[in-house]
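Here the structure is laid out as structure tokens; the discussion comes afterwards.
All chains are named by letter (A, B, ...) in the order of the sequence lines, taking the proteins before the strands, and each is independently numbered beginning at 1.
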Amino acid sequence: MNTVLSRRGLLALGGGLAVAFSLRAEEPARPGSLKGTPSLDAWIRVAPDGRVTVFTGKAELGQGIKTALLQVAAEQLDVPVAHIDLVTADTMRTPNEGFTAGSHSMQDSGTAILNAAAQVRGVLVAAAARDLGVAAETLTTVDGTVHAADGRSAGYGPLAATLNLHIDAEPTSTLKDPSAYRSMGTPMPRVDIPAKLTGGQAYVQDMRLPGMLHARAIRQPSVGAMLLDIDTGPIEAMPGVVTVVRQGSYLAVVARKEWQAVKAMRALEAAAQWRETASLPDQATVLDLLAGLPSRVIPVLDWKGRAGAPMKRLKARYTRPYLMHGAIGPSCAVAQLTDGTMTVWTHTQGVYPLRSALAGLLRMPVDRVHCIHVEGSGCYGHNAADDVAGDAVLIARAVPGHPIRVQWMREQEHTNEPYGAAMIAEVEGAIDAAGNIVDWNYGVWSNTHNRRPNVGGLMLQNAALPDPLPVPPPAPIPMPEGGGERNSNPIYAFPNAKVVSHFIPEMPVRVSALRSLGAYLNVFAIESFMDELAEAANADPVDFRLRHLKDERAKAVVSLAADKFGWGAGKRGEGRGFGFARYKNLGAYCAIALALRVEHETGRIRLGRVVAAVDSGQVVNPDGIRNQIEGAIVQAASWTMYETVRFDRQRILSRDWSGYPILRFPAAPESISVHIVPRPGQPFLGTGEAGQGPMAAAIANAVRDAAGVRLRDVPLSAVRVKAAVGV
Amino acid sequence: MIRLTVNGQQHEVDAEADTPLLYVLRDDLGLNGAKFGCGLGQCGACTVLVDGQPVFSCLTPVSVLAERQVRTIEGLGGNAVQRAFEDVQAAQCGYCIAGMVMRATALLEHNPHPHEDEIRAYMSGNLCRCGTHMRILEAVRQAAGQGVKP
Ligand code: FES
Ligand code: FES
């Protein structure tokens, strides 16, 4: 149904609709993901018994999106959460909302559901007004029922049964007054947690389908390794083994039970002969190598204004190594080929793009591949979730009819996931006699941060297959979101500033999206350098930031974190550090103040109190926001203090948690408190990645304060800290 | 046939003698709580209790368990640790959580009032990548006040 017809359909329902109409020929864009999927019934359906089903193209990744979306729908529909079923990312049932990434879920899907729910409620109220013969303004809605002033009422179910919700959403909706919110803005226990605490089926790893077989892939030991001859005969005779799948250098095994599959995989690994080449760079010099590779210059900003004469000029270079997503649960998928259709249960962040990639890999039409999101272990970006689905479909095709469950081994996950890119940032800045920044020159060097598969050529298996598909060249993500240049545009009001991104197409190591992309290094660099300039200006770091900020919401967040921490009462040298950013300069604002100690004998950093302030716009689940920021703080602490992917010229050496240590309990901060700035009625601002950069900078700034050393290369490992401190 | 007792129930399973307990729990007994994380004893996602002690089920061959009592999160019946985890919402993705609950249960059964350092040291064998550490610690402290009995 097109927009004109739908508008007429709505109007035919009579006066008093709680939906604001726009009859202009050029209508404004619809909010959030309603842009791409305007039909109300693509988002919300009401069954005759009054049960509501809400559809989202976004996926639960452990960030609590299910709970937050339920709260939004319940609020705007006036239906109890318990009466709502939520269907998440499924290529046959839900809208195509691309990837669940970039802290976009509330902005895209939350906004779509907010508006669709308000409009559906409006349509239901209009229908009730007509049935009851009263004006819509006199009606109220509570718990899925429309009430008239005279005591009569009508349930949503019977009302909906007479209505057509297959109509396009209007560009604007009449939303509730935020002061009347009962669900949004109130902490709600996550709907997915009970099953996770009792051993319920909660993850794709837990799926058990009738006739299901277990499979394991045998990974190429290094990039481009060629499988020479292998005698699979003895392995095919092992107990429980159903078949060995071999296509070129692609090798996998299927068994009846999971342990049998693991043993057969080990046997195949032992029997396989590979020809390998030294395809990796020298780890010791990889940052210089990257800086020297051909790059495309992308101007980010160029501000020119009047300013005082520069009195002091500083210059610094900041770097990060390759970092791992490191999901605690190795990636898993289940696939089944029946009647020419491949069904895939996957914890991908993008069911629709993955569907295209798998169809490509299989040389099958896209409409014969069906991807259904099922939760997995937290992913923090593009990890092996998509690639393991590639294994599942290739193997399922070889054993038609049987659901095939594949889970990667720990070593496979560690050595084959696409890493977060190593990066370099160089910055030069000047202050005038008054201690204000008058000049700022910033450059960042990076590979792509997006190799998420949407074509078969981007799947890990492609290179192993005998007839590989073309691999599309890497592309930068344009600003304002940006990839390597994400958050390279400072939020501070500098009179003169120039920011340039150097996009490096050639990837010496396989990389893709890791939580916050380039923002982690850019915020680390900018916020470290702000402290360096503050020191040169002999200014307090918090005051120095505040006097360079114009954005009032930014100032409020910085001030709140400082107040709650008790920054003003502290003294230099106590090991205090501060970091702040607005994610992408579009999403949530997050400021972090912390205290730490440096153990001079070992170089170890001991995290003390961490205090964060965040502005996420309209709050849906405040406890969800706190949980996300707490998680970002601890994860970023781990990245910043410990992590580096290690490799030699041939293979990845970080094969498990001993070769890639991460933060454990004894090293967690003493405490974390997160304070939320309420912004009722404001647009949702994505929060999931907002803490990453500020935490890294706060640590480096506090190390400077505690030990007098400025460390500019992540990780601030004990070895590096000790070397810097001397003793 | 291999004999074992899980959550008070006797089972006979048709598994190879070298099968780690984790695979028997998941594959033969259909229990979801214990998770595969590393298979190397490095992460604790597979933690279950054997005679009250936390073990990495990924490294424990099922053949040595005939006379022992295995407990998994499915058998805790909503104990104080589970309630505290729910109460403080101590999960993000939650993949590590069943292992955390099992290790914390073992701690509090033996040491009802652990100090903060004892909690952190005891829990250090279990990894969480989502950074839920502060809430997990909070949940253990909260459960400690409520008494956790075997
Ligand atoms: S799975 Fe057993 S310790 Fe990691
Ligand atoms: S909650 Fe995700 S690994 Fe711990």
Side-chain angles (χ1 to χ4, degrees), chain A residues 61-64 187 189-190 192-194 196-203 205-206 208 214 239-240 257-260 262-263 325-330 375-380 407 409-410 623-624 627-628 630-638 656-658 662-666 668-669 671-672, chain B residues 15-16 18-20 22-24 26-28 30-40 42-45 72-76 78 82-83 85-87 89-99 101 116-117 119-137:
Chain A
L61 309 174
Q63 82 284 43
R190 288 243 311 265
D192 54 319
I193 287 184
K196 295 172 177 178
L197 275 173
T198 52
Q201 191 198 304
Y203 305 94
Q205 284 89 347
D206 300 333
R208 291 180 193 84
H214 291 274
K257 296 177 75 168
E258 191 171 5
W259 179 244
Q260 293 169 332
V262 172
K263 282 205 285 186
H325 300 81
I328 291 300
E375 241 190 288
S377 186
C379 62
Y380 331 108
Q407 185 167 17
M409 305 305 289
R410 171 50 50 201
D623 194 56
N627 206 348
Q628 283 286 284
E630 288 167 28
I633 285 170
V634 175
Q635 189 178 68
S638 183
D656 54 37
W657 297 119
S658 69
I662 64 172
L663 181 143
R664 290 182 183 266
F665 278 98
S671 67
I672 299 179
Chain B
E16 291 155 41
D18 63 350
T19 311
L22 173 67
Y23 292 90
V24 171
R26 296 189 60 87
D27 216 3
D28 295 277
L31 298 173
N32 295 316
K35 297 278 188 274
F36 177 78
C38 65
L40 303 163
Q42 296 176 346
C43 77
T72 72
I73 200 164
E74 287 87 351
L76 295 185
Q82 285 168 297
R83 291 198 304 275
F85 270 71
E86 163 82 35
D87 194 51
Q89 295 282 292
Q92 290 180 59
C93 80
Y95 197 89
C96 68
I97 291 301
V101 167
E116 179 70 15
D117 288 351
I119 299 175
R120 289 181 180 230
Y122 199 88
M123 298 302 293
S124 69
N126 286 37
L127 289 174
C128 173
R129 188 56 162 165
C130 294
T132 314
H133 299 67
M134 308 317 291
R135 286 176 185 237
I136 295 168
L137 292 169

Where does [X] contact chain B at under 4.5 Å (heavy atoms): side chain, backbone, both or neither?
| X | result |
| --- | --- |
| A:Arg190 | both |
| A:Gln63 | neither |
| A:His325 | backbone |

(request) Check step by step if side-chain contact (heavy atoms from CB on, under 4.5 Å) holds for B:Lys35 and A:Ile328. (result) CA-CA 9 Å; B:Lys35 297 278 188 274; A:Ile328 291 300; over 6 Å; no
Go through [options] and name the one with the most non-hydrogen pairs under 4.5 angstrom from chain B.
| options | answer |
| --- | --- |
| A:Ala632, A:Gly378, A:Gly329, A:Ala637 | A:Gly329 |
| A:Pro194, A:Gly376, A:Ala327, A:Gly64 | A:Pro194 |
| A:Gly200, A:Ala202, A:Ser638 | A:Gly200 |
| A:Lys263, A:Glu375, A:Gln635 | A:Lys263 |

(message) Check whether A:Arg410 reaches the backbone of B:Gly37 with its side chain - one donor and one acceptor, N or O, closer than 3.5 Å.
(response) yes
(message) I'd like to know if the side chain of B:Arg26 reaches the main chain of A:Glu258, judged simply by a donor and an acceptor atom lying under 3.5 Å from each other, with no hydrogens or angles considered.
(response) no
(request) Determine whether the side chains of B:Gln92 and A:Glu630 contain a donor N or O and an acceptor N or O closer than 3.5 Å. (result) no
Given the options [options], which has more heavy-atom pairs under 4.5 Å with chain A than any of the others?
| options | result |
| --- | --- |
| B:Ile119, B:Leu22, B:Asp28, B:Asp87 | B:Asp28 |
| B:Met134, B:Arg135, B:Glu86, B:Glu16 | B:Arg135 |
| B:Ile73, B:Leu127, B:Val101 | B:Leu127 |
| B:Gly44, B:Gly30, B:Gly75 | B:Gly30 |

(message) Quick one, B:His133 and A:Leu663 - any side-chain contact, counting heavy atoms below 4.5 Å?
(response) yes
(request) Check whether any side-chain heavy atom of B:Thr19 sits under 4.5 Å from a side-chain heavy atom of A:Lys257, and report yes or no. (result) no
Give, for atom [atom1] of [X] and atom [atom2] of [Y], the distance between the pair rounded to the nearest 0.5 Å.
| X | Y | atom1 | atom2 | result |
| --- | --- | --- | --- | --- |
| A:Asp656 | B:Gln42 | CG | CD | 4.0 Å |
| B:Asn32 | A:Lys196 | CG | NZ | 13.0 Å |
| B:Gln82 | A:Thr198 | CD | OG1 | 7.0 Å |
| A:Leu197 | B:Phe85 | CG | CZ | 7.5 Å |

(message) What part of B:Ala34 gets within 4.5 angstrom of chain A, counting heavy atoms only: side chain, backbone, both, or neither?
(response) neither
(request) Below 4.5 Å from any heavy atom of chain A, which atoms of B:Ala91 appear? Answer side chain, backbone, both or neither. (result) both
(request) Give the minimum heavy-atom separation between A:Tyr203 and B:Gly94, together with the two atoms involved. (result) OH-C, 2.8 Å
(message) Give me the atom names and distance for the closest heavy-atom approach of B:Tyr23 to A:Met409.
(response) OH-CE, 4.4 Å
(request) Could you check A:Trp259 against B:Asp27 for side-chain contact (heavy atoms from CB on, under 4.5 Å), going step by step and ending with a plain yes or no? (result) CA-CA 9 Å; A:Trp259 179 244; B:Asp27 216 3; 6.0 Å; no
